[in-house]
Amino acid sequence: MPLSRRRVLALGAGTGAVAVSTGVLAACGGHALREGGTLAVGLPRLPAVLNPVYATAEATRWIADPVVEALYTYRDDTTIGPVLAGADPVIAPDGLSWTIRLRAGVRFHGGDPFTAEHVVACLRRVNDAATAGDWAPYLAGRFGVVSAPDPQTVRIELPRPFGALRVFLACLPIPHQATLGDPRALVGTGPFRLASATEGMVALRRDPEYRGKAAPLDGIEFRASADGVADLKAGRLGVYPRPAPDQVRRLRKADDTRVQEASGPADLVLLPNLRRAPFDNVGVRRALAFGMDRTRVSQEVYKGAAVIGQGPLGPGNEGWDAEFTPYGRGVSPTATPKPSASATAGPTVAPERVRAMLGEGGVPPGVRFTLLAVVGEASELPDVARVLAEGWNRIGFAVTVENVDAAAWAGRRRAGDFDVALVDNRASYAVGRSAFAVLSPAVSTSGDSTGYVNAEVDRLVEEAWGTADNARRAMLCRLAGEIVARDAVVIPPVYPKVAVGRTGRVEAVDADQLAVGRVELATLHLRE
């Protein structure tokens with residue numbers, strides 16, 4: 001029976017008190033892992049949206065992941081395995097019909113059985129552009145008929161092959177269908193349930209009725225933290241996901257704090273507007289790409305914790321090729337390399353080569369443009385924009401920087417009102433390791449298109465999303481990425497590493513999961 005609105009709210013309020021984490025963490029000594037206790041997790045701000053069917057933002061997903069599960073998930077080795085599904089999907093030979101059997105015996109928090117009708121309701125919502133929210137760029141309009149032949153079976157009919165669907169089914173959580181209209185609701189089938197949500201804290205507690213192995217923690221508390229490093233050092237927090245680069249440096253210097261890093265998917269990208277002169281000129285875009293001071297961005301902004309950008313695909317994406325170096329190798333003359341910086345040394349910025357590229361495009365030096373830095377979850381973007389602008393200005397461009405928030409960027413992107421934008425997508429919670437998000441601006445039919453039209457890229461990407469063969473999809477994305485890099489359509493300055501800060505009193509997070517943008521909080525132990 002579906003949950004009533006009253007039952008949804010009752011589940012959200014919870015009935016048990018959550019243990020205060022400060023005392024637990026501060027009192028720990030030694031190194032043995034233990035069961036129980038409450039983990040305190042700090043976020044710069046608590047999200048307004050808790051329901052993950054509305055938002056793909058990291059803060060929302062860090063809170064929702066222990067509560068709301070997906071049909072599939074990335075395993076430790078980054079392959080995909082079933083969770084709420086009972087097995088791999090059965091795909092028709094033509095790729096246009098997917099049948100998924102669900103795991104038996106699964107129940108939502110509160111006791112309702114997990115059935116196909118919940119999955120169907122969720123998939124229909126994200127398929128509708130009017131209700132898809134953050135999932136719209138990835139899933140809206142992708143499905144034909146979604147049905148439940150019986151309570152344990154979901155059938156998805158597709159208008160065209162979409163082999164990459166399994167990636168999205170590993171990223172899309174399935175909440176109780178009664179919560180689909182409430183962005184603050186959080187009711188799922190996971191090892192934790194929502195206990196309370198206030199302006200200053202969201203508390204989860206372990207679900208004693210969870211079907212699988214009990215989580216090692218009694219509870220998880222998410223708190224707003226103005227200074228995550230100070231709170232970690234003082235023992236008020238156990239984990240601080242995604243610290244900024246300057247915070248990472250402070251964490252490394254402290255005695256009882258740890259930093260874990262992994263190379264994740266490409267998130268930080270430069271997008272020239274090909275619908276606006278002079279960026280409709282490939283010579284200007286190539287000059288922009290070759291004139292980018294990547295080494296200085298890596299060393300000054302990310303303190304070396306970034307891989308030099310060499311094309312749209314990053315180390316965490318399918319199709320990444322470490323040997324693909326269209327911008328060359330070497331060290332930028334505008335930065336002073338650190339002794340340990342050889343791994344992050346970028347291509348040499350050669351002003352004469354940049355001027356030659358402009359000449360080939362029939363454009364004189366001194367191109368003027370505004371660099372739009374979209375400031376959102378990544379607080380370091382203004383610094384990246386400043387470093388890039390300073391480097392370009394030294395070699396003959398005339399660049400000014402304008403900082404805007406995500407809402408302003410969405411409107412200006414729709415209107416085509418920008419020259420060049422610097423964007424941190426942080427899309428891996430929606431797209432996993434796939435190149436879906438980073439290649440999307442180069443696809444002429446995409447809603448994210450920046451005006452690039454290349455029939456070969458369109459064909460390669462459409463075939464990549466159509467195939468269920470992971471190796472083939474990676475190969476097709478690599479080929480498309482090489483063309484997009486050649487034509488300077490999606491230009492990452494660097495691929496920042498994904499970092500998480502924690503105290504020594506908390507077990508290390510799963511590095512393979514971190515590489516796909518995830519912090520698996522539900523599996524962590526505190527230390528004695």
Side-chain angles (χ1 to χ4, degrees), residues 18-46 58-59 62 200-201 203 215-264 298-307 337-344 377-380 383 496-515 517-528:
V18 178
V20 177
S21 61
T22 302
V24 173
L25 292 177
C28 288
H31 302 286
L33 299 181
R34 69 181 181 88
E35 299 291 323
T38 298
L39 174 66
V41 181
L43 301 175
R45 66 189 64 83
L46 295 179
E58 287 181 328
W62 285 324
M201 183 172 70
L217 295 165
D218 293 325
I220 306 173
E221 291 179 355
F222 296 88
R223 303 171 178 177
S225 173
D227 188 338
V229 176
D231 287 339
L232 281 173
K233 291 166 69 173
R236 291 186 291 269
L237 296 177
V239 173
Y240 190 68
R242 285 276 193 146
D246 63 322
Q247 292 176 316
V248 169
R249 197 172 191 176
R250 290 168 58 199
L251 288 171
R252 292 193 188 283
K253 291 181 178 179
D255 291 335
D256 194 35
T257 56
R258 310 284 187 270
V259 177
Q260 287 182 251
E261 292 178 334
S263 287
S298 173
Q299 294 179 3
E300 291 191 17
V301 180
Y302 292 99
K303 318 303 179 187
V307 177
K338 300 177 183 179
S340 61
S342 59
T344 58
E377 292 183 79
S379 60
E380 63 272 14
D383 287 332
K497 292 187 177 180
V498 182
V500 61
R502 60 180 176 87
T503 71
R505 303 173 185 89
V506 178
E507 181 184 18
V509 303
D510 188 313
D512 290 324
Q513 291 292 317
L514 189 59
R518 284 163 167 75
V519 180
E520 293 288 321
L521 299 171
T523 62
L524 294 181
H525 293 75
L526 301 180
R527 295 184 184 276
E528 294 287 0

Show your working on side chain to side chain contact (heavy atoms under 4.5 Å, CB included) between V41 and L521 and close with a plain yes or no. CA-CA 9 Å; V41 181; L521 299 171; 4.1 Å; yes

Below 4.5 Å, heavy atoms only, C-beta onward: do [X] and [Y] meet side chain to side chain?
X	Y	answer
L39	L524	yes
L46	F222	yes
V506	L526	yes
R502	V500	no
T503	L237	no
P243	V229	no
L43	W62	yes
H525	E35	yes

Take R505 and D256 through the test side chain to side chain contact (heavy atoms under 4.5 Å, CB included) and record every step on the way to the result. CA-CA 8 Å; R505 303 173 185 89; D256 194 35; 2.5 Å; yes

What pair of heavy atoms forms the shortest contact from [X] to [Y], and how long is it?
X	Y	result
P496	A306	CA-CB, 3.9 Å
L514	V519	CD1-CG2, 4.1 Å
R242	V498	NE-CG1, 3.6 Å
A305	E261	CB-OE2, 3.4 Å
D231	S225	OD2-OG, 2.6 Å
P241	G42	CD-O, 3.2 Å

Interatomic distance, [X] atom [atom1] to [Y] atom [atom2] [nearest 0.5 angstrom]:
X	Y	atom1	atom2	answer
T38	I220	OG1	CD1	9.0 Å
Y240	T257	OH	OG1	13.5 Å
E507	T523	CD	OG1	6.5 Å

Residue that, paired with D227, satisfies side chain to side chain donor-acceptor pair (under 3.5 Å) out of R250, K233, Q247: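 Exactly one candidate clears the test, R250.
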
Backbone N/O of Q513 and side chain of E520: donor-acceptor pair under 3.5 Å: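 Between the backbone of Q513 and the side chain of E520 there is no qualifying donor-acceptor contact (under 3.5 Å).
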
Assess whether a salt bridge exists between K303 and E380, defined as any Lys/Arg side-chain N lying under 4.0 Å from an Asp/Glu carboxylate O. no

